[in-house]
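See structure below.
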Amino acid sequence: MEHAIVRTTDVTKSFQLGDHTLEVLKGISLTISTGRYISIMGPSGSGKSTLFNMIGGLDKPTSGKVFIDEVDVAQLDAYELAWLRCRKIGYIFQTFNLIPVMTALENVTLPMTFAGTGSDEANERGMELLKQVGLDQRYHHKPSELSGGQQQRVAVARALANTPAIILADEPTGNLDLTTGEEIITLLKQMSIERGVTVISATHDFKMLNVSDEVIWIRDGRIDKIEQRDELNISVGTIDEK
Amino acid sequence: MERLPPLPLKKSLEIAFQSIRVRFFRSLVTTTSLVLAVAFLSYTQTWNDLANSLFLSHNQAAIQKLIQTGFDINENTQAIGESPKQQWLMTLALLVCVVGIINAQLMAVTERFREIGTMKCLGALDRVVLLLFVLEAGMQGLAGSLAGAFLGSIAGLLQSFFTFGSLIWSTFPVVELLQTASQAVAIGCLLSLIGVLYPALQAARMQPVVAMRMEQ
Ligand SMILES: Nc1ncnc2c1ncn2[C@@H]1O[C@H](COP(=O)(O)OP(=O)(O)O)[C@@H](O)[C@H]1O
Ligand SMILES: [Mg+2]
């Protein structure tokens, strides 16, 4: 079996809302092997973002464990967690979340700066990444001067800045129109093939199905089913019928 | 698992400076109350410094002028300092200024929840976030205090000149005036740092998920 880059064991997450507890994740166990393109599919409110936060080391499960590269995330101190977020994982968000005061290039090089890369090398690698996402001409533009799709491309370049093992994307196409969304999906797929990076994307965008190696269907905080690429066509057919 | 190297100070300064530069207008508004308070402080003290130097000259004409202007001078007076009313006003001005800075910085932090959360996702430690806010406030404080001290000193000098005329040149207290100005700058910087401390701590402690969920 391939090396498991992400593994969760019986992860639950509850939120305290006043005097009642809202159980959002109800025991998620999954294993994701290196280099694959995974989609976490489910309707809005099913707990995808919450699971995304657990896998990304951004939040702690109420119970259960999350392993990144076979390291228990709960055992890491603040410094190790920062290293994990900086070097091991690249995040992409629905709302792009570029730093508004920085140019495209500066946004891409920021994670490199945090990782201790010198300015010259960072700028050189940053330009290369911008070129790969087709935005090297716009390197000095601020996010407000870029379209949504362009901002998300910069975010993809930024996520790749420190050559992470995992790219985590939460609804990366959620704020984009159909064509632009497709472009981002293609870009992510291309990066996953060229760089062997594991892409885990939470989404309810069915366009993602075409490029996914594996789809994890979430419903109401539980894993509904896990489908491999070759099993997919059947269920896509059923969706279309609905 | 490995750890990240510390962020070089030069880089932190660059990031903080850029943040101020791009949000120049907002930075200006944040700094205005500081400029005014420091200007008031150095104006009052410059005026007192000059009056005191005239008083210490024992020049009769000068002392007559001082009494005419309203200074309370009798045979027991050793030096002219701030009157209780002036001290009270200065304290009040500084207090109002700190509250103003805290308020402005809290707003700046709230406005930048998402930015802070994003930085944390990219690997910024709590103390990096803290440092960035403190550096920003420090730079704003320094610039604002310098401007305030300059304006206040000029105003104090002008008023003295119009009141006492060329008399002030004979006893011009260069050292005291420079001391007064640098003291005002130091106080301004300190106020700026005091004002940012709580908001910056709040920003630094924020969990990335909380920061990302805000504003939505
Ligand atoms: N911090 C929180 N506090 C309370 N409820 C939350 C919190 N985060 C998420 N939820 C709730 O958890 C559920 C799942 O949310 P989420 O993971 O964002 O779903 P999805 O991303 O699949 O749309 C929702 O009902 C949401 O309101
Ligand atoms: Mg979501």
Side-chain angles (χ1 to χ4, degrees), chain A residues 13 49-50 52-54 56-60 68-69 71-73 75-103 106-119 122 142 144 155 158-159 161-162 164 168 170, chain B residues 1-27 108-133 135-136 139 203-216:
Chain A
K13 180 72 181 177
S49 296
T50 310
F52 169 94
N53 292 336
M54 303 297 141
L58 302 178
D59 204 355
K60 291 195 160 64
I68 307 281
D69 231 354
V71 177
D72 182 357
V73 176
Q75 303 297 321
L76 303 180
D77 65 22
Y79 296 90
E80 293 166 328
L81 212 50
W83 185 86
L84 181 88
R85 291 174 189 161
C86 184
R87 304 299 303 263
K88 260 274 178 339
I89 304 176
Y91 304 88
I92 297 172
F93 305 94
Q94 177 172 0
T95 46
F96 322 135
N97 291 8
L98 300 177
I99 309 288
V101 299
M102 295 186 178
T103 63
E106 287 162 344
N107 265 288
V108 176
T109 54
L110 186 62
M112 303 184 201
T113 304
F114 287 147
T117 311
S119 293
K142 296 261 161 63
S144 57
R158 178 179 70 182
N162 290 321
L168 269 179
D170 190 6
Chain B
M1 183 122 344
E2 295 173 61
R3 294 172 164 214
L4 295 173
L7 188 62
L9 188 63
K10 183 168 163 280
K11 269 289 166 197
S12 316
L13 280 169
E14 271 175 33
I15 296 175
F17 180 68
Q18 184 174 26
S19 193
I20 296 177
R21 192 171 50 88
V22 174
R23 286 183 253 254
F24 182 72
F25 185 69
R26 161 160 277 281
S27 309
V109 167
T110 314
E111 250 172 31
R112 285 155 72 177
F113 271 155
R114 172 158 307 190
E115 189 179 325
I116 296 163
T118 308
M119 286 226 180
K120 288 197 159 182
C121 287
L122 301 179
L125 285 162
D126 289 9
R127 62 170 179 206
V128 170
V129 175
L130 184 69
L131 183 69
L132 287 176
F133 272 90
L135 283 177
E136 261 183 55
M139 285 189 229
R205 287 208 210 101
M206 193 178 308
Q207 293 298 308
V209 257
V210 178
M212 305 307 240
R213 210 175 40 238
M214 300 281 185
E215 277 185 312
Q216 283 181 1

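Naming convention: chains lettered A, B, ... in sequence-line order (proteins, then strands); numbering from 1 in each chain.
Residue B/R21: no heavy atom, backbone or side chain, is found under 4.5 Å from chain A. Residue A/N162: no heavy atom, backbone or side chain, is found under 4.5 Å from chain B. For chain A, the nearby parts of B/L4 are the backbone and the side chain; heavy atoms of each come within less than 4.5 Å. Only the side chain of A/L76 has a heavy atom closer than 4.5 Å to any heavy atom of chain B. Only the side chain of A/Y91 comes within contact range of chain B, judged by heavy atoms closer than 4.5 Å. When heavy atoms are compared at a cutoff of 4.5 Å, A/K142 approaches chain B solely by way of its side chain, counted from C-beta outward. Of the two parts of A/E106, only the side chain, counted from C-beta on, holds a non-hydrogen atom closer than 4.5 Å to a non-hydrogen atom of chain B. Heavy atoms of A/L58 lying under 4.5 Å from chain B belong to its backbone as well as its side chain.
For the side-chain contact (heavy atoms from CB on, under 4.5 Å) test, residues two or more places apart in sequence or in another chain that qualify with A/S49 are A/D170.
Here CE of B/M119 is found 14.5 Å from CZ of A/R85. Values are rounded to the nearest 0.5 Å. Rounding to the nearest 0.5 angstrom, the gap separating the OH atom in A/Y79 from the CG atom in B/D126 is 9.0 Å. Summarising the geometry, atom CD belonging to A/E80 is positioned 5.5 Å from atom CZ belonging to B/R3; distances are rounded to the nearest 0.5 Å.
Across all their heavy atoms, B/G123 and A/C86 have their closest contact at CA-CB, 3.8 Å. Pairing each heavy atom of A/G116 with each of B/P5, the nearest pair is CA-CG, 3.7 Å. The two residues A/P111 and B/L122 come nearest to each other via the heavy atoms CG-CD2, 4.1 Å.
When side chains are defined from C-beta on, A/M102 does not count as touching B/V22, because their heavy atoms never get closer than 4.5 Å. Inter-residue side-chain proximity for A/R158 and B/T118 is flagged as met; some heavy-atom pair is nearer than 4.5 Å. Two residues are said to be in side-chain contact when any heavy atoms from C-beta on lie closer than 4.5 Å; B/Q207 and A/D59 fail this criterion. Looking at A/P100 and B/R112, their side chains never come closer than 4.5 Å, going by heavy atoms from C-beta outward.
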Review point. Where do A/I99 and B/Q18 land on the side-chain contact (heavy atoms from CB on, under 4.5 Å) test, with the steps shown first?
Key: CA-CA 12 Å; A/I99 309 288; B/Q18 184 174 26; over 6 Å; no

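Sparse packing is recorded around CZ of B/R127, with 12 or fewer heavy atoms of other residues, nucleotides or ligands lying under 6.0 Å away.
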